[in-house]
Amino acid sequence: MPRLLGVDIPNDKQVVYSLQYLYGVGPAIARDACVKTKINPTKKARELDEDELSRLASLLERDFTVEGPLRRQVGQAIHRLREIKCYRGMRHKLGLPVRGQRTRTNARTRKGPRKTVAGKKGVKDLR
Amino acid sequence: MGRSTKKGPYVDPKLFAKLIKARETNSSQAITTWARRCTIVPEFVGATFMVHNGKAHIKVFVTEDMVGHKLGEFAPTRTFRGHGGKGGKK
């Protein structure tokens with residue numbers, strides 16, 4: 001399997017789709033990258049040669065923020081919010097939804113698996 | 001939806017006047033305000049505000065990083081006392 005930008009090994013799908021396995025590359029950037037490097041987007045990733053791979057890698061690194069740098073950018077943005085101790089920063093710290101969603105129910109993505117509390121009223125009792 | 005760029009950031013006029021006045025008189029005292037919805041603009045940097053949270057005024061020292069946020073974001077309105085504990089609280 002071809003390696004692109006260090007760790008990532010997209011599989012034997014078409015180039016447009018396998019590029020999307022990179023962090024920070026979605027449909028738009030994948031398509032854009034194919035056009036700019038003049039690579040047939042429907043070609044299988046396995047069939048990419050050395051030259052095409054290096055063209056893709058250098059283009060993605062130069063024109064877009066992907067992988068490591070993007071992760072760092074996001075991390076720093078969150079860190080900044082925490083640092084200034086604003087509302088959003090506090091929500092990040094607490095591991096609760098940041099954008100005003102309800103937390104009475106749902107919000108499981110942020111809160112993680114349910115922690116059942118012993119002796120708490122069951123759903124039936126509440127009704 | 002965000003605010004129209006045409007209007008620029010919302011800055012409470014009264015609060016801004018207070019700030020200018022404090023600058024002129026060189027007073028370093030915290031400015032008490034209820035204007036939580038007021039955007040922090042670069043002019044605020046270095047000033048200290050007492051922002052109302054519905055109950056009391058919370059001291060907020062404005063740093064450069066806070067520019068673009070609202071004053072209210074730094075004065076939490078809710079106190080989380082935690083869940084559980086023996087027999088619950090109260």
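Nothing here was measured: the structure is a model prediction, and the numbers come from that model. Naming convention: chains lettered A, B, ... in sequence-line order (proteins, then strands); numbering from 1 in each chain.
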Are [Y] and [X] connected into the same hydrophobic cluster when the rule is that any two of I, L, V, M, F, W, Y join if their side-chain heavy atoms are below 4.5 Å apart?
X	Y	value
M50(B)	L15(B)	no
V41(B)	V62(B)	yes
I31(B)	W34(B)	no
I58(B)	I40(B)	no

Q. Which residues, numbered in order, of residues 74-111 of chain A come under 4.5 angstrom of chain B by heavy-atom distance?
A.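 When heavy atoms of chain B are the reference, residues 74-111 of chain A contributes R80(A), L81(A), I84(A), K85(A), C86(A), Y87(A) within the under-4.5 Å range.
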Q: Report, by ascending residue number, the residues of residues 21-44 of chain A in heavy-atom contact with chain B at a distance under 4.5 Å; give 'none' if the set is empty.
A: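 The stretch does not come within 4.5 Å of chain B.
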Q.
With a 6.0 Å cut-off (strictly less than), is the heavy-atom count around CZ of R71(A), excluding the residue itself, greater than 12?
A.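 Yes, because the 6.0 Å sphere around CZ of R71(A) holds more than 12 heavy atoms from other groups.
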Q. Does CZ belonging to R3(B) count more than 12 external heavy atoms closer than 6.0 Å?
A.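 Result for CZ/R3(B): enclosed.
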Q) Linking Ile, Leu, Val, Met, Phe, Trp and Tyr through side-chain heavy atoms less than 4.5 Å apart, which residues share a cluster with V16(A)? A)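 Hydrophobic cluster check, V16(A): joined to Y17(A).
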Q) Does anything in residues 64-75 of chain B get under 4.5 Å of chain A by heavy atoms, and if so which residues? A)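 Expected list: D65(B), M66(B), H69(B), E73(B), F74(B).
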